[in-house]
Structures are given as C-alpha cells and as structure tokens.
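Note that the structure is predicted; figures quoted are calculated from it, not measured. Numbering starts at 1 and runs along the sequence shown.
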Amino acid sequence: MTLIATRPGAGAARPYRFPTVIRRDVAGGRVVAAHLPGQNLAVAVLLLDAGAGREPVGKEGLAGVLAKALEEGTAQRDATAFALAVEGLGTELVTGLDWDSFQVSVQVPVDRLSAAVELLAEAVRTPRLEPDDVRRVRDDEANALRMDWANPGPRADAVLRADLFGRDNRWGRPMHGDPESVGALDVEDVTVFHSEWFIRPGTLVVAGDLDRLDLDALGAAAFAGAGGGPVDRGGPIEVPPRAGRRIILVDRPGSVQSTLRLGHPSPHRAHPEHVPMTLAGTVLGGAFTSRLNHLIREVHGYTYGIRGDFASSRRFGRFAVASGVQTAVTAPALVAAVGEITRTRLTGVTEDELAVARSWRAGQLSVELQSPRAIASALTTLVVHDLPDDYHARLRESLLAADVAQVSAAAAAHLRPESLTLVVEGDAALIRDDLVAAGLGEVTDHTG
C-alpha cells in the first residue's frame, strides 16, 4: 500500500499588536517597559552589558560561573536565607547569557514585583562570592562541560567558530567556554569580572500592568549602589569571507555517525537586510519544510534532520548548517548540502516557498509574543541591538511584505557556498578518502 500525501499550504498569519514601549532614565540607569493591561503577572529583567564578549581571551566561561555563583548568597544573607526570601515571593532568579548581554530576571504577581526586584539587585550587586563557593561552582560547571563535550557536536562547533573568527579573538571561542578554560578559572577572575561589569547600572526591562507598577521605584531599587559611566559597545566586526572552501576533519575513532557543521561569517543583527536574510535562511534550512531537510532527509534519507540558518549578535553573525549522518554517507551528504546552498544562492527562492516561510515566521509572532516573559525578551532585543521602539510592531508587516526579489537578492548577497568551512567530526580513517575524492575543498586534520 502506497500512501501519497500532499503538504498542506501556508495558512494565514494571525495578527498581533505589540504594546507601546516606554523608556525613562531613573537613578543613573534606564527603564524600558511595556504596558500589559489587566495582566496579573509581571516580569523584570536586569540587562547588563556583560555578555560572553566581555570575557578576556583565555577566560571563556567566566560569566557562566558568575551566574551560578549568584545563587550562593549575598553580603546580607547566606545562601539558605536568600533562597527562602526568593521562594517566599513565589519566584526564582533566572539568569541568561549571550554574546552581548547578561540577564537576570524575576516573574511574580504584580504586587510582588518591587520586592522581587530588590532581591534581584541584592544578588547582582552584592553577591557573597565566598572562595569555597566559587571554586565549587567552577568545578561543577567544568564537570558539566566535560560530560557535554564527550558527546558529538560541541567540539565540531568550536572548531567551526575558531576557523571563522580566529581563536585569538574571544568571539572565535565557544560562548560558554570549554572544560579546560572553565576549569582554569580562579576566584579572582570571578570577583574582578563582577567588579568591572556588574556594578554598572544597566537597563531594567519591565513587562506588566504599568497602572499597578511604579517604574521610578523599580528603577531606583534595581540601580541602587550602581555606578560607572557608559562603555564602548563596539561596532560591527567585519570578517572577510574565506578564499575557497575547506574541510576540517575532527577525528572520532569508532564513531558510526559523522557530525557535520558548515558555516561562514554573515552580517550582524541590526543589518538592514535582516528580515529578507531570515526568510532566505528559513526557505533553505530553517524549517522542517526547508530545502535542505527535504533533500537530505526525505529524498536521500541521509539524516533524521538538518538545519541551516543565519544567526547574529550585536557585532557579528554567521550562517551555519548542522546535522548528523551515517558514516558511509558523509561525503554524499556534504556534496548535496553544498549543492543546495549553491542553488539557493544562484536561483533564489520561489513564491510558493516564500509564502510558507512568510506565513510561518509572521504567524510565530502571535504565538510567541503573548506572555509577559516573551514581551520582556522582545524588549531586551530592542535594547541590545539598538532597534527602534516600533520594531516589533512593524515586524509582522515587514515579514509579510518581503517579496521574491528581495529574499532572492539577500540569498545571493549573503550565502557564500564557495567560502564555506566544512567541519566533519567522525571516524577519520573511514571518511577521509571519500572527503578528498568529493572535491569540495582541501581536507585538513584538526590537531587541537
């Protein structure tokens, strides 16, 4: 019995309305808020310019260790007393880290937000940072990374990043560090990083019913004891494309699969072509219905899934493809993937493909931007990337208005198949000859 199914067409994107953004300067810092009338939950996020990009080269993972150490008590309360105070409000401190920012947030009923922000500020500004606690947290983090790096993937990701951006640069190393870099951190590294970046005021992001919240009081609580002037945020990092493709082989003897990571540099987050780039990436590899997934999974049966899209931070970005395939089909899968990227650059996208991508991306907004936490996250995007206050209000229309010519032009301008670095983590003895014979580029062995 043969079952033939036709993919469903694109549905209509549901409308949504992003709340008005309110900004004000308070107590040496800035408050950025969104009014959610009648919402009983509120979220506050203290946003600091202390992301992984601020870590010194060789100290990768420093901010992650500090994030965990914030849970070990403050100058005013030990770990148990602080935990009880936070739990008494029915909340928890949630930390987040990316290349551009360090975030600490709380979500509570509206009438408890002021008390929660006071506790948040206490943890961020005056953590206890007892040496024994810091060392224990560091060791826990290093051990967790060792377990993670024992799996396929993290090493290939690190090799790709180093090749694209240079290991001598912080952004050419893993965002969360590796087992060696984290294990080598000492207490002074953590305390110095805190004194340099966590005492600055930052930005307090608030999402909730502002009729029941005092933004000035919240800002005063968040910025109490903070000081220091603005810091240089740095401009976009221009990374020239590689002249010619290359394959880097990371040996994993005995592996029955090959982990594939393909990539090249791409523009930063605030680039004016971000929307058409996103849609081009969605058509190519950013959705289950993408060209790459259809070809590599459905047509050839090489993998359970493959994904490729543009990812960007404030200063830099990259196009990357990730998948895992059986060892025997490593070379054919790479040839097919590079061929599909090349085809997309040369021929662009079709109206039918773009209709699905537009509807999906625009439709996600009405689903994702519903909760106070999601609205707060969207506000942090505005702050970190210097986007206009009406960015999210206009985003749906921008996605739906992008046409085939714009998206195809973005694919032609920002996909660089001839400059790809292809990282393959697998059994080198079994796949090296096939990779050389495929003719995709020079094959070199990773020696790190």
Engineer: Out of the candidates Arg242, Arg245, Arg261, Arg318, only one should pair with Asp163 under the salt bridge (charged side-chain N to carboxylate O under 4.0 Å, His left out) rule; please name it.
Structural biologist: Arg242
Engineer: Identify the two heavy atoms, one from Arg233 and one from Asp49, that lie closest to each other, and give their separation to 0.1 Å.
Structural biologist: CG-OD2, 3.6 Å
Engineer: Pairing donors with acceptors under 3.5 angstrom, does anything connect the side chains of Arg416 and Ser266?
Structural biologist: no
Engineer: Quick one: CG on Leu292 to CG on Leu284, what's the gap to the nearest 0.5 Å?
Structural biologist: 4.5 Å
Engineer: Side chains of Thr344 and Arg291: do they bring a donor and an acceptor to under 3.5 Å?
Structural biologist: yes
Engineer: Both conditions, 6.0 Å and 45 degrees, for the charged tip of Arg200 above the ring of Trp197: are they met here?
Structural biologist: yes
Engineer: Not counting sequence neighbours, which residues clear side chain to side chain contact (heavy atoms under 4.5 Å, CB included) with Val110? List them please.
Structural biologist: Ala42, Arg212, Leu213
Engineer: Does the distance from a Lys or Arg side-chain N to an Asp or Glu carboxylate O, for Glu353 and Arg358, drop under 4.0 Å?
Structural biologist: no
Engineer: Check for a donor-acceptor pair, side chain of His392 on one end and backbone N or O of Ala378 on the other, with a separation under 3.5 Å.
Structural biologist: yes
Engineer: Which residue is it: Thr91, Leu46, Leu89? I am looking for the one with a side chain to side chain contact (heavy atoms under 4.5 Å, CB included) to Val106.
Structural biologist: Thr91
Engineer: Are a donor atom and an acceptor atom from the side chains of Ser101 and Asp98 found within less than 3.5 Å of each other?
Structural biologist: yes
Engineer: Which heavy-atom pair separates Val45 from Ser105 by the least distance, and what is that distance?
Structural biologist: CG2-CB, 3.7 Å
Engineer: Tell me the closest heavy-atom pair linking Val21 and Asp389, and the distance in Å.
Structural biologist: CG2-O, 3.5 Å
Engineer: Is there a donor-acceptor contact under 3.5 Å linking the side chains of Glu60 and His176?
Structural biologist: no
Engineer: Please tell me whether Thr303 and Ser323 have a donor and an acceptor in their side chains that are separated by less than 3.5 angstrom.
Structural biologist: yes
Engineer: Do Asn169 side-chain atoms and Gly172 backbone N/O form a donor-acceptor pair below 3.5 Å?
Structural biologist: no
Engineer: Looking only at non-hydrogen atoms, find the nearest pair between Asp100 and His385 and report the distance.
Structural biologist: OD2-CE1, 3.6 Å
Engineer: Could you go through Arg136 and Glu72, starting from their C-alpha distance and side-chain angles, then the distance that decides it, and tell me whether this counts as salt bridge (charged side-chain N to carboxylate O under 4.0 Å, His left out)?
Structural biologist: CA-CA 10 Å; Arg136 175 171 46 78; Glu72 300 299 321; 2.8 Å; yes
Engineer: Would you check if the side chain of Arg361 reaches a backbone N or O of Arg396 as a donor-acceptor pair within less than 3.5 Å?
Structural biologist: no
Engineer: Ignoring hydrogens and angles, tell me if any N or O in the side chain of Gln370 forms a donor-acceptor pair with the backbone of Ser366 under 3.5 Å.
Structural biologist: yes
Engineer: Is Asp148 salt-bridged to Arg146, going by a charged N under 4.0 Å from an acidic O?
Structural biologist: no
Engineer: Any donor-acceptor pair under 3.5 Å linking the side chain of Arg345 with the backbone of Leu415?
Structural biologist: yes
Engineer: Would Leu260 and Val423 count as a side-chain contact (heavy atoms from CB on, under 4.5 Å) here? Give the steps.
Structural biologist: CA-CA 6 Å; Leu260 310 182; Val423 177; over 6 Å; no
Engineer: Centres of the Tyr391 and Phe18 rings: under 6.0 Å?
Structural biologist: no
Engineer: Taking only residues two or more places apart in sequence, or in another chain, which ones meet Phe319 in a ring pair (Phe, Tyr, Trp, His ring centres under 6.0 Å)?
Structural biologist: His264, Phe310
Engineer: Tell me whether the NZ or CZ atom of Arg315 lies within the 45° cone about the ring axis of Trp171 and under 6.0 Å from its centre.
Structural biologist: yes
Engineer: Can you check whether His414 and His271 have ring centres sitting under 6.0 Å from each other?
Structural biologist: yes
Engineer: If you measure only the distance, is there a donor-acceptor pair under 3.5 Å linking the side chains of Thr126 and Gln76?
Structural biologist: yes
